[in-house]
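Here's a structure for you.
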Amino acid sequence: MPSEKKISSANDCISFMQAGCELKKVRPNSRIYNRFFTLDTDLQALRWEPSKKDLEKAKLDISAIKEIRLGKNTETFRNNGLADQICEDCAFSILHGENYESLDLVANSADVANIWVSGLRYLVSRSKQPLDFMEGNQNTPRFMWLKTVFEAADVDGNGIMLEDTSVELIKQLNPTLKEAKIRLKFKEIQKSKEKLTTRVTEEEFCEAFCELCTRPEVYFLLVQISKNKEYLDANDLMLFLEAEQGVTHITEDVCLDIIRRYELSEEGRQKGFLAIDGFTQYLLSSECDIFDPEQKKVAQDMTQPLSHYYINASHNTYLIEDQFRGPADINGYVRALKMGCRSIELDVSDGSDNEPILCNRNNMTTHVSFRSVIEVINKFAFVASEYPLILCLGNHCSLLQQKVMVQQMKKVFGNKLYTEAPLPSESYLPSPEKLKRMIIVKGKKLPSDPDMLEGEVTDEDEEAEMSRRMSVDYNGEQKQIRLCRELSDLVSICKSVQYRDFELSMKSQNYWEICSFSETEASRIANEYPEDFVNYNKKFLSRIYPSAMRIDSSNLNPQDFWNCGCQIVAMNFQTPGPMMDLHTGWFLQNGGCGYVLRPSIMRDEVSYFSANTKGIVPGVSPLALHIKIISGQNFPKPKGACAKGDVIDPYVCIEIHGIPADCSEQRTKTVQQNSDNPIFDETFEFQVNLPELAMIRFVALDDDYIGDEFIGQYTIPFECLQPGYRHVPLRSFVGDIMEHVTLFVHIAITNRSGGGKAQKRSLSVRMGKKVREYTMLRNIGLKTIDDIFKIAVHPLREAIDMRENMQNAIVSIKELCGLPPIASLKQCLLTLSSRLITSDNTPSVSLVMKDSFPYLEPLSAIPDVQKKMLAAYDLMIQESRFLIEMADTVQEKIVQCQKAGMEFHEELHNLGAKEGLKGRKLNKATESFAWNITVLKGQGDLLKNAKNEALENMKQIQLACLSCGLSKAPSSSAEAKSKRSLEAIEEKESSEENGKL
């Protein structure tokens, strides 16, 4: 079986197929038969047994094979009642004969399916000269390169070298390999040849290297995208980057540059091809990282009010251990600030010699001076981010030492301190852009009476306050402390106030005032008033801190409060674990600057969103996230494991975090006793209703553990995912990147419109065959306004129909091409073009541009199979054209209804009062109004994005048709016409953008 012998060449695939194995044969009548399949020794036919047919009929000639498809991508699989029980990655189909009949098979593992698919494709592509490659592997580019490596190290020129030298040479070429594993491989090879000497020949060196360093899953991918060669040329690489990896503006020169940088052989670099070892290195490089490089720098609008951002926040920053006994340590601030933290806590008490100190009041034996802390803060404040830093001041000092604090802060921070008085004429806080490199003090503030030099304010000691509230003697009164005017004046736009209720806050709270909520209180409010919490956070900052009951400094789940729009969710940075993983992963985006812009649905003044949403979000199109966990690399043994030996049984969990409707978890099977390169080959699909709030956490675990099962994890915001084949760099329990420890995955995001990354996010897929759902507008109970919203019902249905019809047409053509929904249109056109070729290898159709749209017209009579495909292609063009031509008109109707509705926004309460609506009924009317505005805005945006997607599709289809040779005999006039058509499509896109601007 392939687990015993690695597949590293076409030869290995052929040998396995000749030995044969059992496959399940799937019939259209839903019956499944077990049959033993073999490849003839002369490589001319595929045979199976037992069979009711005679031996000469229970076979399939290789010459009759038209195509080999991986996955459940034929009518037989799609219509089979047992299809859901068949693993996608184990299924494959062989299409044969002039009518493209299908032989549908299921292997017992994805590995075996890949071997058959790769081997058969290799045979079909070389059917005219099937025996050429059987000469062996000695003349392949890879072996020629290994030969030069061996000869360079063989200083004596004897053709042999010491085993120690060979081991060291292989370790230089692949540093991830363990020495013991290399030596064991040499012993296996020498034992199979019954050799007594430990000296290594050139042939043995090449054999050992290929078996140790070939990742079968990468080999299968290479063969697939190279059209069954064992290397990639520049054109293969270009197609891979465009169609699979979602990279735009790729040229042949860019691909040749990649080959020059990653190909290991001199010959390959000169001739422009990338063999398996260079391709593996490229896939492991930062260029194929799963994290979007655009998000490694500040990529979001930083000019919105401060309340519109999630802010990276630390709790008890001065602690590096638990809050019950842990000592105060200045390194807590260094760590937090280097991690991009933008809200830190200073719990200040009186010290000796009139010097304020920071200490854990549960452990007074260790403390640090306030001066040394602010000096460190000043040094590291803007190292990781230049956006504003908030100092949450817990003041427990006497008036005298408060004044010392003020003097020290003014001296150390200087003009970085933001003390400008907020303007009552404004309605929102300043933006992070405006507050760049400023330090903002959050704390209590005295009334604005200039004659009041000191006064009483409520204590900021949150833990003590919570303890008092929980005690039996609590009478509702808060502890008071004295505050001096000088410290009060340092507080400007983050004045701490006590939360009472939302109704009072929305009426009387100033935009520069901030409320702090304990975890317990915030959880209660989030469950009882989710919509109100979101609306409150549109204008005001909310800070959430962990419960005082967390004496071990464990962390709350920040996602619960981000879902409500809470900006400052304070975390115990000293405590690693899943919750800190979510926090760290979330703030990797936007350049790690510590500020992340919230979704527009949580920022718009009139919009509806509930944190407890368990279904589709109004105005947001749900996406399908397809994740294939292919393999793992160099998994370490869990650090706390007590089991002897280094053997582990790994599996992978995928967790989706976000709004309740999106939270989900799935896991792979367990791979027995393999830590170096476990192959999982499992595909999962998740529906994501609010992508902007979703995160994906990959966790590798050991199923055979004693004491500790954790191997590694990686958490990434949904918006930062890159599509295609990617390596995921796993982090340790404490969050450090582990060298060479990765997951190899394939990512596809489908059914998405817009988002500014058309290539990445514009794939379309049908979300299950079900009755079309329309997002309904709600009845408000006020006839004047309801009549306006009724006008929008028809254009809303039109908008949804146009988008769905286009998406369904695209899915239909993909199905006919035998491609999964995650395939790109470019891949679709490549497959289509291969089917539209006549027996003399010329195209049976030609690209004809009509009104700048790419139609395909037959050049002569074509068979029914091709007619069916052309009909599906025409339908896709027609639906796309209809959307492009009608989108602006329909969108304008939706926008006009939205504008007409918004004119009643200010008067909504008065109109409701006149109609006798009050209390809960009036609140319900307000909520329904916000829902309707959200739906109209969202559907308008989705339609605009769908038009941009359709325009981009037309451009990509035309380019693909030209590159596939589906244009008429090339002439200067035809080329000019095609060029003009492309320019016309581009003009449509640019004029659309300019019109909106």
Using modelled atom types and a 3.5 Å cut-off, is there a donor and acceptor pairing between side-chain atoms of Trp931 and backbone atoms of Met776? yes
Side chain Asp786, main chain Gly781, donor-acceptor under 3.5 Å: yes
Decide, yes or no, whether a salt bridge links Lys783 with Glu915 under the criterion of side-chain N to carboxylate O below 4.0 Å. no
Enter the distance from Ile800:CD1 to Leu942:CG here, rounded to the nearest 0.5 Å. 9.0 Å
Tyr310/Phe587 aromatic ring centres below 6.0 Å: no
Quick one about Gln509 and Tyr536 (side-chain donor to acceptor, distance below 3.5 Å, no hydrogens or angles considered), yes or no? yes
Using atom types as modelled and distance alone, determine if a side-chain donor or acceptor of Arg697 lies under 3.5 Å from a backbone N or O of His657. no
Counting only N and O atoms by type, is there a donor-acceptor contact under 3.5 Å from the side chain of Asp501 to the main-chain atoms of Leu504? yes
Are Thr926 and His909 close enough that some pair of their side-chain heavy atoms sits under 4.5 Å apart? yes
Close side-chain approach of Ser523 and Asp560, heavy atoms under 4.5 Å: no
If you draw a 6.0 Å radius around NZ in Lys790, do more than 12 non-hydrogen atoms from other residues or ligands fall strictly inside? no
Nearest 0.5 Å please: distance from the CD1 atom of Ile493 over to the CG atom of Leu435. 5.0 Å
With no hydrogens and no angle check, just 3.5 Å: does a side-chain donor-acceptor pair link Asn563 and Gln559? yes
When you look at CZ of Phe882, are more than 12 heavy atoms from neighbouring residues, nucleotides or ligands closer to it than 6.0 Å? no
Rounded to the nearest 0.5 angstrom, the CG-CD1 distance for Leu943 and Ile894 is 6.0 Å
Side-chain contact test, heavy atoms from C-beta onward, threshold under 4.5 Å: evaluate it for Val620 versus Asn689 and give yes or no. no
Side chain to side chain, Ser542 and Gln567, heavy atoms closer than 4.5 Å: yes
Within a reach of under 6.0 Å around OH of Tyr529, are more than 12 heavy atoms found that belong to other residues, nucleotides or ligands? no
Looking only at the side chains, is there a donor atom on one of Gln304 and Asp301 sitting less than 3.5 Å from an acceptor on the other? yes
Name of the residue among Tyr428, Tyr595, Phe540 meeting ring-ring contact (aromatic ring centres under 6.0 Å, His included) with His308: Tyr428
How about Asn590 and Gln295: do any of their side-chain heavy atoms sit closer than 4.5 Å? yes
Do the non-hydrogen side-chain atoms of Leu588 and Cys720 ever get within less than 4.5 Å of each other? no
As a quick check of understanding, evaluate ring pair (Phe, Tyr, Trp, His ring centres under 6.0 Å) for Phe561 and Phe533, giving each step before the final call. CA-CA 10 Å; Phe561 305 105; Phe533 214 169; 7.9 Å; no
Show the nearest heavy-atom pair for residues Ala792 and Leu777, with the distance to one decimal. CB-CD1, 4.1 Å
Nearest heavy-atom approach of Lys814 to Pro820 is CD-O, 4.0 Å
Given Leu782 and Phe904, is the side-chain contact (heavy atoms from CB on, under 4.5 Å) satisfied, shown in steps? CA-CA 11 Å; Leu782 298 171; Phe904 290 94; over 6 Å; no
Would you sort out whether Ile813 and Cys828 count as a side-chain contact (heavy atoms from CB on, under 4.5 Å), showing the intermediate values? CA-CA 8 Å; Ile813 188 74; Cys828 195; 4.0 Å; yes
Within the side chain of Arg598, is there an N or O that forms a donor-acceptor pair under 3.5 Å with the backbone of Gly565? yes
Within a strict 4.5 Å, meaning less than it, do heavy atoms of the Leu625 and Ile656 side chains meet? yes
Distance-only criterion, 3.5 Å: show the donor-acceptor pairs between side-chain atoms of residues 605-612 and protein atoms not counting sequence neighbours.
| from | atom 1 | to | atom 2 | distance (Å) |
| --- | --- | --- | --- | --- |
| Ser607 | OG | Lys538 | NZ | 3.0 |
| Ser607 | OG | Ile601 | O | 2.8 |
| Ser607 | OG | Asp604 | O | 3.1 |
| Tyr608 | OH | Glu531 | OE2 | 3.2 |
| Ser610 | OG | Asn612 | N | 3.3 |

Closest heavy-atom contact between Tyr387 and Pro432? CD2-O, 3.4 Å
Side chains of Arg803 and Gln939: any donor to acceptor distance under 3.5 Å? yes
Of all heavy-atom pairs between Lys937 and Gln898, which one has the smallest distance, and what is that distance? CA-OE1, 3.7 Å
Applying ring pair (Phe, Tyr, Trp, His ring centres under 6.0 Å), which residue pairs with at least one partner in residues 780-806 are found, sequence neighbours left out? Phe789-Phe929
Give the minimum heavy-atom separation between Leu829 and Cys961, together with the two atoms involved. CD1-SG, 3.6 Å
Interatomic distance, CG@Leu429 vs NZ@Lys539, rounded to 0.5 Å, equals 10.0 Å
Heavy-atom count check: over 12 atoms from other residues, nucleotides or ligands less than 6.0 Å from Glu907 CD? no
Are Gln878 and Arg881 side-chain neighbours, meaning at least one heavy-atom pair lies under 4.5 Å? no
Measure across Ala809 and Met876 and return the closest heavy-atom pair with its distance rounded to 0.1 Å. CB-CA, 3.7 Å
Taking Glu426 for its side chain and Leu423 for its backbone only, find out whether a donor-acceptor pair lies under 3.5 Å. no
Less than 6.0 angstrom separating the ring centers of Phe718 and Phe686, yes or no? no
Would Arg524 and Glu521 satisfy side-chain contact (heavy atoms from CB on, under 4.5 Å), going step by step from the backbone distance to the final call? CA-CA 5 Å; Arg524 178 186 62 79; Glu521 184 181 21; 4.2 Å; yes
Could you go through Ile810 and Asn953, starting from their C-alpha distance and side-chain angles, then the distance that decides it, and tell me whether this counts as side-chain contact (heavy atoms from CB on, under 4.5 Å)? CA-CA 10 Å; Ile810 291 173; Asn953 285 347; 3.8 Å; yes
Answer yes or no: is there a donor N or O on one side and an acceptor on the other, between the side chain of Gln300 and the main chain of Leu597, under 3.5 Å? yes
Gap separating the CG atom of Leu870 from the CD1 atom of Ile877, nearest 0.5 angstrom: 11.0 Å
Distance check, rounded to the nearest 0.5 Å: Ile627 atom CD1 versus Glu685 atom CD? 10.5 Å
Could you tell me whether Glu503 and Lys507 make a salt bridge, using a distance below 4.0 angstrom between a side-chain N and a carboxylate O? yes
